[in-house]
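Below you'll find the structure, written out as structure tokens, and then a few comments.
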Amino acid sequence: MMNGIKDTSNWTFRRLLGNGLRYSIPKYQRDYSWDSEQWSDLWYDLMQMLDEEDSHYMGYLVLQTNDDKNYQVIDGQQRITSISILLLAVIKYLKTIGKDDDEKQLNIKRADTIHSTYIGNLDVLTLTSENKIVLNRNNDDFYRNYLSALQEFPKRGLKNSDKLMKKAFEFFSSYIKTRYKTAEDLVNFVETIVDNLFFTVIIVTDDLNAFKVFETLNARGVQLSSSDLLKNYIFSVADSDKLASAKIDSLDEKWAKIADILKETQIADFLRVYWNSTHKTVRKNLLYRTIREKIKTSQQAFDLLRDMQSQADVYMALKTPEDELWRQSPAVKEDLQLLKLFNVLQPISLLLVAYAKLPESQFAKLLHKIVIISFRYNVICNKNPNEQEAAYNKIALSLASGKDLDLNLLKSSLYVQDAEFEQIFAYKEFANNSRNNKIAKYILGKIEHFESSADIDLDHSTLEHILPDSPDLDIWNWEEHKVQQFHYRLGNMTLLECSRNESLGNADFKTKKNVYKTSTIPMTKKIAESDIEEWTESEIDRRQQDFAKKAVGIWQF
């Protein structure tokens with residue numbers, strides 16, 4: 001058993017909440033975020049469990065405790081909160097049904113029993129609930145004063161996460177009222193849930209051990225990211241210094257702004273890029289531990305979040321070529337579009353530093369060199385991206401330390417030499433998918449401009465495969481296995497106006513040549529005006545080798 005893990009066992013929901021144990025969501029964990037998709041999945045799973053008279057596995061819960069009575073929920077809060085909201089929907093409905101006053105009073109007692117067993121005790125004087133689950137600082141007020149107290153919801157002023165909890169209650173209420181009509185059915189429904197929903201509960205002694213669990217377990221339900229852990233840690237550091245509430249709120253506001261800039265889902269990716277822009281490269285699974293070792297005081301926590309906030313805008317702009325930051329820099333915008341098309345992310349940490357340290361003209365020059373390198377290294381030669389990341393990190397650290405940008409270091413580390421590039425380019429294939437088709441069009445457009453200085457409108461051109469995907473083998477005189485080998489070769493591709501491509505389909509080569517004659521694109525017209533009678537393997541090889549020679553000069557450092 002891993003050091004720091006006190007226990008791992010299967011618990012029913014009854015064992016989890018139907019006793020004297022108390023649970024709290026760390027104050028600065030993420031807010032409630034489940035929506036209709038997750039609610040629907042949970043309801044479907046419950047209905048399937050009922051229909052099959054079977055149990056249902058809810059995944060892992062990671063809990064932290066020092067006394068075996070009070071637990072912090074490190075992972076699993078969304079599931080526990082959602083099930084408790086479902087039970088509250090049952091409780092409120094149960095209080096309203098009954099044929100007469102006696103039966104209604106009996107059902108109210110049943111509802112109160114369920115409430116005290118799985119939710120908490122309701123104070124009849126204050127109408128507040130002392131709950132078994134205490135949510136985070138943003139959600140607990142609504143959960144305690146409205147949901148678990150079964151009070152009417154406020155009409156306005158709710159936070160987004162509060163609105164989600166309200167909608168969850170309404171969602172479950174609607175389904176419950178449709179399916180169940182009697183108190184007996186409702187009570188049986190609750191009993192089935194609490195006895196047949198199983199969790200694997202992992203109890204740890206501190207949050208670092210909790211993170212080790214996430215690193216080693218490969219199971220559904222364990223999805224707390226390094227960004228969640230980091231947020232919790234930063235706020236716990238700040239809170240341990242007994243900061244004033246206003247300062248804690250300021251810290252929370254900074255994190256919220258970062259999350260808003262990054263649209264929440266990209267926080268973990270940004271954290272790693274941000275950290276690696278000024279520190280030696282850290283793997284994703286070690287990021288939390290590494291930052292934790294560096295951030296020890298509330299001042300360091302504030303400094304970290306302040307710098308992260310300033311960098312988050314630039315990070316998003318680097319990944320979003322249409323961002324207004326590049327409005328006055330069309331060349332930068334175009335190169336960022338190419339990096340996005342190439343799906344190359346390794347240079348972002350270097351570009352983050354470069355944007356802060358270099359004049360605009362030098363930044364643009366560096367970016368263009370990176371595009372050339374990425375085309376050779378990633379798109380054509382498919383070299384190891386891990387080695388690439390380390391090289392970019394080395395240059396980023398040099399630049400961050402105040403040294404001048406050394407483009408020769410960039411070239412010597414990452415630039416694929418001409419001979420290797422030409423050799424691989426000469427046999428490059430681009431299988432049929434949206435991204436590959438765009439890259440192939442980009443390549444052909446650049447080659448056309450190199451040959452004829454023509455600027456092709458790629459948005460109104462299509463990628464034409466001269467040898468079709470499914471040719472009539474008798475007419476084309478090709479062997480089937482050869483078609484598969486050569487169809488996606490770059491030498492078998494050309495550009496053609498969209499309007500002219502519509503009628504071609506699987507036409508024979510002679511028919512295609514007649515259409516190519518009407519094209520205004522020089523490379524395509526050249527095929528039509530050639531004396532080639534048959535489109536063969538050797539023609540594709542010859543044409544692509546010619547492309548490769550030109551490519552060496554086009555994508556030149």
Side-chain angles (χ1 to χ4, degrees), residues 266 273 277 311 313-381 385 388 392 395-396 399 405 407 410-411 414-416 421 425 428 430 433-463 490 493-495 497-498 520-523 547 550-557:
Q266 299 192 51
V273 169
S277 67
Q311 296 280 37
D313 276 316
V314 180
Y315 171 81
M316 285 301 291
L318 288 169
K319 297 189 71 177
T320 313
E322 297 74 23
D323 192 275
E324 62 180 15
L325 189 62
W326 319 120
R327 186 182 299 167
Q328 304 301 322
S329 308
V332 169
K333 177 179 177 179
E334 182 180 344
D335 282 335
L336 289 175
Q337 286 172 331
L338 288 173
L339 276 187
K340 187 175 181 178
L341 174 62
F342 299 164
N343 195 27
V344 174
L345 301 175
Q346 291 80 9
I348 300 294
S349 58
L350 170 57
L351 291 172
L352 203 60
V353 176
Y355 185 81
K357 296 285 187 178
L358 299 178
E360 185 178 333
S361 59
Q362 266 195 289
F363 173 80
K365 183 177 181 181
L366 170 64
L367 173 60
H368 190 66
K369 300 295 185 187
I370 287 173
V371 169
I372 300 297
I373 284 171
S374 299
F375 181 77
R376 288 190 172 219
Y377 191 103
N378 302 83
V379 176
I380 300 300
C381 297
Q388 187 182 37
Y392 281 126
I395 300 167
L399 197 57
L405 176 65
L407 288 176
L410 192 67
K411 183 175 182 179
L414 297 167
Y415 187 68
V416 178
F421 174 66
F425 193 103
K428 187 69 179 178
F430 287 96
N433 62 51
S434 177
R435 176 173 165 268
N436 277 348
N437 289 346
K438 288 177 182 177
I439 291 175
K441 286 170 66 175
Y442 157 75
I443 294 171
L444 294 174
K446 294 287 284 186
I447 291 173
E448 183 61 86
H449 182 77
F450 182 80
E451 286 186 314
S452 66
S453 298
D455 289 316
I456 308 301
D457 183 358
L458 297 180
D459 290 335
H460 292 88
S461 302
T462 187
L463 189 65
L490 196 62
M493 300 176 189
T494 193
L495 296 171
E497 294 86 348
C498 295
T520 60
I521 300 173
M523 72 163 55
F547 285 169
K550 293 181 172 68
V552 170
I554 297 168
W555 289 277
Q556 183 66 247
F557 197 86

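The structure displayed is predicted, hence computed values, not measured ones.
The two residues T320 and M316 make their nearest non-hydrogen contact at OG1-O, 2.7 Å. Across all non-hydrogen atoms, the minimal contact from A440 to L463 is CB-CD2, 3.8 Å. Annotation for A354 and L366: closest pair CB-CD2, 3.5 Å, computed over non-hydrogen atoms. Taking all atoms of both residues into account, the shortest heavy-atom contact from V332 to A364 is CG2-CB, 3.8 Å. Closest approach of M493 to F547, counting heavy atoms only: O-CE1, 4.5 Å. Between H449 and D455, the shortest heavy-atom distance links the atoms ND1-OD1, 2.9 Å.
A search for side-chain contact (heavy atoms from CB on, under 4.5 Å) contacts involving I554 returns K446, I447, F450, K550, not counting sequence neighbours. Listed by chain and residue number, nothing satisfies the side-chain hydrogen bond (donor to acceptor under 3.5 Å, both in side chains) test with Q311 (two or more places apart in sequence, or in another chain). Remark: E360 engages S329 in a side-chain hydrogen bond (donor to acceptor under 3.5 Å, both in side chains) (not counting sequence neighbours). When the side-chain contact (heavy atoms from CB on, under 4.5 Å) test is applied to L325, the partners found at least two apart in sequence or on another chain are A317, D323, Y355. By the side-chain hydrogen bond (donor to acceptor under 3.5 Å, both in side chains) test, W555 is found to be paired with Y442, residues two or more places apart in sequence or in another chain being considered. Under the ring pair (Phe, Tyr, Trp, His ring centres under 6.0 Å) criterion, F425 pairs with F421, not counting sequence neighbours. The side-chain hydrogen bond (donor to acceptor under 3.5 Å, both in side chains) test applied to D457 returns H460, not counting sequence neighbours. In this structure, the side-chain contact (heavy atoms from CB on, under 4.5 Å) partners of H368, at least two apart in sequence or on a different chain, are D335, I372. Qualifying ring pair (Phe, Tyr, Trp, His ring centres under 6.0 Å) partners for Y392, counting only residues two or more places apart in sequence or in other chains: none. In this view, N343 and R435 satisfy the side-chain contact (heavy atoms from CB on, under 4.5 Å) rule, not counting sequence neighbours.
Once rounded to the nearest 0.5 Å, the distance linking CH2 of W326 with CG of L336 reads 5.5 Å. If you take CG on L352 and NZ on K357, they are separated by 12.0 Å, rounding to the nearest 0.5 Å. Note: I348 CD1 to S277 OG = 11.5 Å, rounded to the nearest 0.5 Å. Considering NZ of K438 and CG of N433, their distance stands at 10.0 Å, rounded to 0.5 Å.
In this structure the side chain of I373 never reaches within 4.5 angstrom of the side chain of V416, judged on heavy atoms. Contact annotation: the side chain of V371 approaches that of F342 to within less than 4.5 Å [non-hydrogen atoms, C-beta and beyond]. Proximity of I370 to V344: side-chain heavy atoms (C-beta onward) are nowhere separated by under 4.5 Å. Within the 4.5 Å cutoff, the side chain of L399 has heavy atoms near those of the L358 side chain.
There is a side-chain donor-acceptor pair under 3.5 Å between E497 and T520.
A donor-acceptor pair under 3.5 Å links the side-chain atoms of K441 to the main chain of L458, judged by distance alone. Listed for the K369 side chain is a donor-acceptor partner under 3.5 Å among the backbone atoms of F557.
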Step by step, work out the side-chain contact (heavy atoms from CB on, under 4.5 Å) result for Y315 and V273.
CA-CA 9 Å; Y315 171 81; V273 169; 3.9 Å; yes
Would you please test L405 and I395 for side-chain contact (heavy atoms from CB on, under 4.5 Å) and show each step?
CA-CA 8 Å; L405 176 65; I395 300 167; 4.1 Å; yes
Applying side-chain contact (heavy atoms from CB on, under 4.5 Å), run through L367 and L351 and close with a yes or a no.
CA-CA 7 Å; L367 173 60; L351 291 172; 3.9 Å; yes
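For the side chain to side chain donor-acceptor pair (under 3.5 Å) condition, the pairs that include at least one residue of residues 370-379, sequence neighbours left out, are R376-Y415, R376-D418, N378-Q388.
For the pairing with L490, the side chain to side chain contact (heavy atoms under 4.5 Å, CB included) check across I439, I380, I443 returns one residue only, I443.
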